Amino acid sequence: MSTSIILTTAYLPTIEYFALIAQSEVFCLEAAESFQKQSYRNRGYIMTANGVQQLIVPTLHSTQRSCIRDVRIDYKGRWQAEHWRAIETAYSGTPYFLYFRDFFAPFYENHYEFLFDFNLEITEMLLKLFKIKKSPVFTEDFQKEYEKGNDYRNLVHPKKEPLFVPTPYHQIFDDKLPFTWGVSVIDYLFNTGPDGSYLQKLPRC
């Protein structure tokens, strides 16, 4: 794999997002693009007793055409309480939820003005929990294309095929539901713990 990659910001990033980071030397976050709907930028996916549930961070419509760093979160609704309730309901029975819940709860209590900052703090916390000793660098100007093999901005996407072989791990509802790939890395964290070697060893498709 290339030693450097570029990714978009993401809310509750997927396992493949973190596998890319774990298997690279340098990762860069796109900080100069415009906001794109229906992507991981403001949505994450968790595994529940009823299957996959999508969690969307609402953004102020007036800022959606802005640079991604200037997109503001909309707090008119109760999305924080709804997201946290969904996460607790889905993962309260997992082996590691009680151990890690206090790392996540503040994100659903405190207000962050900007989506980019909110996502970044979640990502940096997850990097620490998985003991991935890397910090992102940020783009300063938008470029439509980067060197082939480095640019994953449009490849890590809910509507795209996975970049890694979906290697199964224990999921709390696997007695009634098939193994499900494409959910947030918090699914792996709560079910299995902060074993970063899983991310390091995932093979590419």
Side-chain angles (χ1 to χ4, degrees), residues 7-23 37-58 77-110 115 118-119 121-132 152 155-205:
L7 294 162
T8 68
T9 183
Y11 169 55
L12 297 179
T14 61
I15 293 172
E16 67 174 344
Y17 188 100
F18 271 86
L20 283 167
I21 295 173
Q23 296 181 22
K37 297 180 180 179
Q38 298 184 356
S39 71
Y40 290 126
R41 291 164 180 82
N42 71 323
R43 65 192 61 204
Y45 297 84
I46 61 173
M47 193 64 191
T48 76
N50 297 314
V52 176
Q53 180 175 344
Q54 178 180 249
L55 303 177
I56 300 175
V57 178
R78 290 179 49 81
W79 69 268
Q80 284 181 295
E82 292 169 359
H83 284 204
W84 185 239
R85 188 181 307 113
I87 292 170
E88 282 193 306
T89 300
Y91 296 113
S92 61
T94 58
Y96 292 90
F97 181 75
L98 289 179
Y99 187 83
F100 291 111
R101 72 178 305 280
D102 290 342
F103 289 92
F104 291 87
F107 292 106
Y108 301 95
E109 298 167 353
N110 303 326
L115 175 68
F118 177 63
N119 289 351
E121 289 205 20
I122 292 176
T123 299
E124 290 179 332
M125 179 205 50
L126 286 164
L127 289 170
K128 290 179 182 178
L129 292 180
F130 281 107
K131 296 180 173 59
I132 300 174
Y152 291 90
L155 296 178
V156 181
H157 193 282
K159 297 182 180 179
K160 296 289 182 68
E161 292 296 317
L163 299 172
F164 292 88
V165 176
T167 305
Y169 57 88
H170 168 68
Q171 292 179 318
I172 187 171
F173 303 112
D174 61 10
D175 61 333
K176 58 182 291 189
L177 296 171
F179 175 77
T180 301
W181 182 254
V183 291
S184 171
V185 74
I186 69 170
D187 183 84
Y188 177 75
L189 177 70
F190 292 145
N191 279 295
T192 307
D195 181 8
S197 65
Y198 175 82
L199 303 172
Q200 292 277 2
K201 295 176 182 177
L202 274 176
R204 292 293 298 272
C205 291

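Basis for what follows: all heavy atoms, side chains included, without hydrogens, waters or symmetry-related copies. What you are looking at is a predicted structure, and each value in this text was computed from that prediction instead of being measured. For the single chain, residues carry numbers from 1 onward in sequence order.
- Looking only at distances, no side-chain donor or acceptor of Gln53 sits under 3.5 Å from a matching main-chain atom of Ala86.
- Among pairs with a residue in residues 9-23, none fulfils salt bridge (Lys or Arg N to Asp or Glu O under 4.0 Å), at least two apart in sequence or across chains.
- Among all heavy-atom pairs drawn from Ile15 and Tyr198, the shortest one is CG2-CE2, 3.9 Å.
- Without hydrogens or angle criteria, Tyr40 side chain to Thr8 main chain gives no donor-acceptor distance under 3.5 Å.
- Panel note: side chain Ser184, backbone Asp187; no donor-acceptor pair is recorded below 3.5 Å.
- Using a 4.5 Å cut-off on side-chain heavy atoms (C-beta onward), Tyr188 and Val183 make no contact.
- No side-chain heavy atom of Arg204 sits less than 4.5 Å from a side-chain heavy atom of Val165.
- Counting heavy atoms from C-beta outward, Phe107 and Gln80 have side chains that stay 4.5 Å or more apart.
- Residues passing the ring pair (Phe, Tyr, Trp, His ring centres under 6.0 Å) test with Phe179 are Tyr169, sequence neighbours excluded.
- Using bins of under 30°, 30° to 60° and over 60° for the plane-to-plane angle, the ring pair Trp79/Phe118 lands in the perpendicular bin.
- Atom CG of Asn119 is separated from atom CG of Asn42 by 8.0 Å, given to the nearest 0.5 angstrom.
- For the residue pair Trp181 and Thr167, the shortest heavy atom distance occurs at CZ3-N, 4.4 Å.
- Interatomic distance, CG of Leu20 versus CG of Leu202, reported as 10.0 Å (0.5 Å rounding).
- Summarising the geometry of Phe97 relative to Ser92, their closest heavy-atom pair is CD2-CA, 3.7 Å, with the distance given to 0.1 Å.
- For residues 155-179, no residue pair satisfies the salt bridge (Lys or Arg N to Asp or Glu O under 4.0 Å) rule, not counting sequence neighbours.
- In this structure, the ring pair (Phe, Tyr, Trp, His ring centres under 6.0 Å) partners of Phe104, at least two apart in sequence or on a different chain, are Phe190.
- Atoms CG and CD1, from Leu129 and Ile186 in turn, are 11.5 Å apart once rounded to the nearest 0.5 Å.
- Here the CZ atom belonging to Phe18 is positioned 4.0 Å from the CG atom belonging to Leu126, to the nearest 0.5 angstrom.
- Under the 3.5 Å distance criterion, the side-chain polar atoms of Gln54 are left unmatched by any main-chain donor or acceptor of Tyr45.
- Of all heavy-atom pairs spanning Cys205 and Pro162, the tightest one is SG-O, 3.6 Å.
- Proximity of a side-chain donor or acceptor of Thr192 to a complementary backbone N or O of Leu189 within less than 3.5 Å is not detected.
- Checked against the 6.0 Å centroid threshold, His83 and Tyr11 count as a close aromatic pair.
- Side-chain contact between Leu55 and Ile46 is present, with heavy atoms from C-beta onward closer than 4.5 Å.
- The heavy-atom pair separating Ile172 from Gly93 by the smallest distance is CD1-C, 3.4 Å.
- The CE atom of Met125 sits 8.0 Å away from the CZ atom of Phe103 when rounded to the nearest 0.5 Å.
- Residues Asn191 and Tyr96 have side chains not in contact (no heavy-atom distance under 4.5 Å, counting atoms from C-beta outward).
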Notebook entry, point to check: After noting the C-alpha distance and the side-chain angles of Thr180 and Gln171, does the key distance pass the side chain to side chain contact (heavy atoms under 4.5 Å, CB included) rule?
Noted result: CA-CA 8 Å; Thr180 301; Gln171 292 179 318; 4.1 Å; yes
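- Between the CG atom of Leu199 and the CD1 atom of Ile132 there is a distance of 5.5 Å, given to the nearest 0.5 Å.
- When all heavy atoms of Pro178 and Met47 are compared, the pair lying nearest together is O-CE, 4.4 Å.
- Residues in residues 82-94 take part in these salt bridge (Lys or Arg N to Asp or Glu O under 4.0 Å) pairs, two or more places apart or across chains: Glu88-Arg101.
- Phe164 has its side chain out of reach of Pro203: every pair of non-hydrogen atoms, C-beta onward, lies at least 4.5 Å apart.
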Note to self: Apply side chain to side chain contact (heavy atoms under 4.5 Å, CB included) to residues Tyr17 and Leu7 and explain how you reach the verdict.
What the structure shows: CA-CA 8 Å; Tyr17 188 100; Leu7 294 162; 3.9 Å; yes
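- Within the structure, no pair that satisfies the salt bridge (Lys or Arg N to Asp or Glu O under 4.0 Å) test touches residues 193-203, not counting sequence neighbours.
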